[in-house]
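The structure appears right after this line, and notes come after that.
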Amino acid sequence: MTTCEFLATEKPPRPWVAILRKDLRLLAVASGLVIGILLMCQLGLRLSQLYYFPDLYYGKREYIYTFWFANAAPALIAISVAGICAFEYHQGIQRWTSSLAMTTRQSLFSKLLGWLLISAVVHTSPTAIAIYMTHMDQGYWAWGDLVRNGVDAYLIGLQGLLFLIVAMTLLEPLLGFLVGSVLLLCFQLILRNYPAVFELANQEVNQTAYVVVQTLLTFGLVFASYRVLRWRWGVGQFSRWIGFYRQGIQTAVIERNSVSWSEELGRIGGPSRLPFWSLVSQAFRGQFGLLCGFGAAVALFGGFESIFVHFESLIAINENHPYFYSQLMGFKAMMGFLMAGVLGISTFSMDRQQDRFQFLGYLGAEPKNIVLSRLIVTALPLVIGYSLCLVIPVSGGQLDREMVLRLFTVVIAMPFVAGVITGLIFRNPIIAFLSGFLLLGVIMFTPLMFHELLSHELKSQILNPYHSLVSAGFGWLLRLSGIVLLLMLLVQQVNHLLKRNRISKRITAALCVVFASTLWALFDTL
Amino acid sequence: MHRMIEAHQVWKTFGPNQVLRDFELTIPSGCVFALLGENGVGKTTFIRGLMGYLKFDHGHVKVVGLDPYRDTLALRRRVGYVSDSPAFYEWMTVAETARFASAFHTPDFLKNFADHATNFELPPRTKISALSKGMKSKLALALVLAADPELLILDEPTSGLDPVVRRSFLESMVDLAGTGKTVLIASHQIREIERVADRVAFLKDGRICEAGLLDDLKEDIQSLSFARRDTLVSLPFRESELQLLGATEAGRTTSCLVRGLSKDLVSRLESDANIFDVRVSRPSLEDLYVGLFASKKLKGTANGSSLELETHP
């Protein structure tokens, strides 16, 4: 039906139903992102722990991670709720909803209810399962832990909700996110300074708070630094640079002759090194914001980490506790993993999306030089990071070179290479991102597929760490990336078909589910 | 006649900027009232204050007999409002937006919406993010009309609409006023507004500088234009002989809006050797708008001083 006539026969929903339905729909999408973030955290943690504490019982570790990261869910979903509030306020939607006679109280209560419902799904269900499994296995966790940790997780989430909603609504959302996170950190430190006030505190609970606050801060700092620095230096410099060359090229086009582009530019006053070093300079300026953003985030993250370590007595985290250092390393690994992947992907797919290759090619740059210049700029911080890993002692002991090399290969080099390849292939950064992790899976699965051909010695050197990593670390991410990517491609293709053959959307959805299940089964078999 | 909006001695300041100063306005029911003024003069601020979105610093305001800041919810159930940049949930479709809005109105809402949306040719299954600016304006209007409010407040409602829809929409406002509803429109579409508005008010420097029935204003205020051979020679009338509302000078030609123009003064102008091409006409709304907002003073009156622009009626 192309007109709205069918609406005339419909019955209007009740106000609360309409508001709640709307907020839940928004929060359900946001919770997908939260699950993604939690998986990423879990991945970083697992990667580091596999190297540091390989003797820990695998199953038990699984349940502990689920417990910790599920506890972070209410606070992370609070970000989504605050984001929706800020979005409604800053975009002017609130003016429309209030003109419908919707009250602020209704709007806020609905979001609170949505937060509780989604948190219950993302936090309480997996926690309960984890507790049940461990209880059945070894009695590691008692049922009382569910209530105690649940209360703590929801309390932190509620604090985050309060601070973030106020800060993100009153301030610019991104700045508000940062301010709200810092306020939450301060509040947590104060609470832990007075244990009598916060009697629920215990070691595991504090680690939950630690995970929550660090995750909030890390993501807040990355986004805020990136945004600020890109605004301040990245875009402006790039535009000026492009403007300079465009002017030069226009002159060159007018006076076109048989002289090469670089000579032509040299003659009209532009730098004569355009083909390569100018490209490196341009790539550096283009990526400057992103590089600085990551740099600032890592530095500030380190700063907050030291605060936690120095306030050890206040926050009751035992320095000798094995999970503490594994957490620190886990976050570092997560940051490195993200940084390497995002740098590789964003550089190339964004260049393609904005037709920068075409433009630079028009300026006379050779394609291989364009790619090489970007590789140099984006790989440089990764090499510096690797060097730092080699020289700086971590967790009271120097890592051996082989371990660092393995960490570097798995956490930095492989996502970077996968990101570069997919960034070159796909214009869309999201598809490039998902394909990157899928490609990563293929690269890591390959030795497993041919393990029969390898010698016993090689197997013990290669297969064991990779097998552990793949099964413990990348399994979920691969499944997730693969399924989402496949779904996106399928929806895109079937959408195309829909216009021609009129296949119903239900059949499309069923097809997508079948393909997704097949893929899931395939990964499980592998 | 029942008063739909009453505003007395309203003041509003944003930091160092005094947006509304001693603002006075009364709008009776059953009329199409146009609030006109330059950009940034305070139209939207006044409208937001009427809807209770902001609190005035000082003053007494009643909308449909209610205090907009205290009786906000009751007021919004009776008043329809379309902002200058309507914002909706981009991920909802047109039909979903209507369903969502219907939860807050009478059971007839969806039926009314279906009629208006069909007239505006709104695609029900299209997401808001895919709608053009004009279509979004149509959706905003369809939603507000479907609620059948007593008072309709429209802030630049026709921006982005094509001429056919704009005319059709504005004419529908006249029909609405015919049924006893009141419409307050803040707009820059002077020519279109002139076709539908029966009352107008001009907002300048935070105050209403002219207000009343459009026909009365046109009768009361005249458009006078003349050319001077020598612009240094004094004009043949004194400052006190008329009330100058606005004037524009282009070369030798002077055009002005005046109140209290006598036949004697016109004949004096016509007989003056320095002046030629004297024309007196009934101003259009656009003439009134341009005349009131473009000029400052008319130089060279007979007493040797400049004729200062009157800002108060």
| query | Of all heavy-atom pairs between Val32(B) and Asp198(B), which one has the smallest distance, and what is that distance? | reply | O-OD1, 2.7 Å

| request: Carefully, step by step, assess Glu38(B) and Lys43(B) under the rule salt bridge (Lys or Arg N to Asp or Glu O under 4.0 Å). | output: CA-CA 9 Å; Glu38(B) 291 173 305; Lys43(B) 297 190 298 291; over 6 Å; no

| Contacts with chain A made by residues 98-108 of chain B (heavy-atom distance under 4.5 Å), listed by residue number | Ala98(B), Arg99(B), Phe100(B), Ala101(B), Ser102(B), Ala103(B), Phe104(B), His105(B), Pro107(B)

| task | Provide the closest heavy-atom pair for Trp115(A) versus Leu27(A) in the form atom of the first, atom of the second, distance. | result | N-CD1, 3.7 Å

| field | Contacts of Arg21(B) that satisfy salt bridge (charged side-chain N to carboxylate O under 4.0 Å, His left out) - sequence neighbours left out | value | none

| said: Within the structure provided, determine whether Leu122(B) and Lys138(B) are in side-chain contact (heavy-atom separation under 4.5 Å). | reply: yes

| query | What distance do Lys111(A) atom NZ and Leu26(A) atom CG have between them, rounded to the nearest 0.5 Å? | reply | 8.0 Å

| field | Part of Val82(B) lying under 4.5 Å from any heavy atom of chain A | value | neither

| request: Just give me the residue among Arg77(B), Arg48(B), Glu121(B) that pairs up with chain A most often, heavy atom to heavy atom, under 4.5 Å. | output: Arg48(B)

| Interface moiety of Gln94(A) toward chain B, non-hydrogen atoms closer than 4.5 Å | neither

| field | Shortest non-hydrogen contact from Ile208(B) toward Glu24(B) | value | CG1-O, 3.3 Å

| Does the side chain of Leu158(A) come within less than 4.5 Å of Leu161(A)'s, by heavy atoms? | yes

| So which of Tyr81(B), Tyr53(B), Phe109(B) has the largest heavy-atom pair count under 4.5 angstrom toward chain A? | Tyr53(B)

| Using non-hydrogen atoms and a limit below 4.5 Å, what part of residues 12-23 of chain A faces chain B? | Pro12(A), Pro13(A), Arg14(A), Pro15(A), Ala18(A), Ile19(A), Lys22(A)

| task | Evaluate the criterion side-chain contact (heavy atoms from CB on, under 4.5 Å) for residue pair Leu25(B) and His8(B); output intermediate values, then yes/no. | result | CA-CA 7 Å; Leu25(B) 186 68; His8(B) 301 292; over 6 Å; no

| request: Report yes if some heavy atom in the side chain of Leu154(B) is under 4.5 Å from a heavy atom in the side chain of Met173(B); otherwise report no. | output: yes

| note | Cut-off 4.5 Å, heavy atoms of chain A, and the answer for Phe88(B) is both

| task | Verify the neighbour count for atom NZ of Lys62(B): are there more than 12 heavy atoms of other residues, nucleotides or ligands below 6.0 Å? | result | yes

| task | Look up atom CD1 in Ile47(B) and atom CD in Glu156(B), then write down how far apart they are to the nearest 0.5 Å. | result | 9.0 Å

| field | Heavy-atom check, side chain of Ser29(B) versus side chain of Met4(B), under 4.5 Å | value | yes

| field | Interchain contact, Gln91(A) with chain B, by part (heavy-atom threshold 4.5 Å) | value | backbone

| request: Would you name the heavy atoms of Leu75(B) and Pro68(B) that are closest together and state the gap between them? | output: CD1-CA, 3.8 Å

| For the residue pair Val61(B) and Val10(B), what are the closest heavy atoms and their distance? | CG2-CG2, 3.6 Å

| chain B contact via Thr97(A) - which portion, at a heavy-atom distance below 4.5 Å | side chain

| Within residues 110-120 of chain B, residues adjacent to chain A where the heavy-atom gap is under 4.5 Å | Leu110(B), Lys111(B), Phe113(B), Ala114(B), Ala117(B), Thr118(B)

| At their closest point, which heavy atom of Cys31(B) faces which heavy atom of Ala177(B), and how far apart are they? | C-CB, 4.1 Å

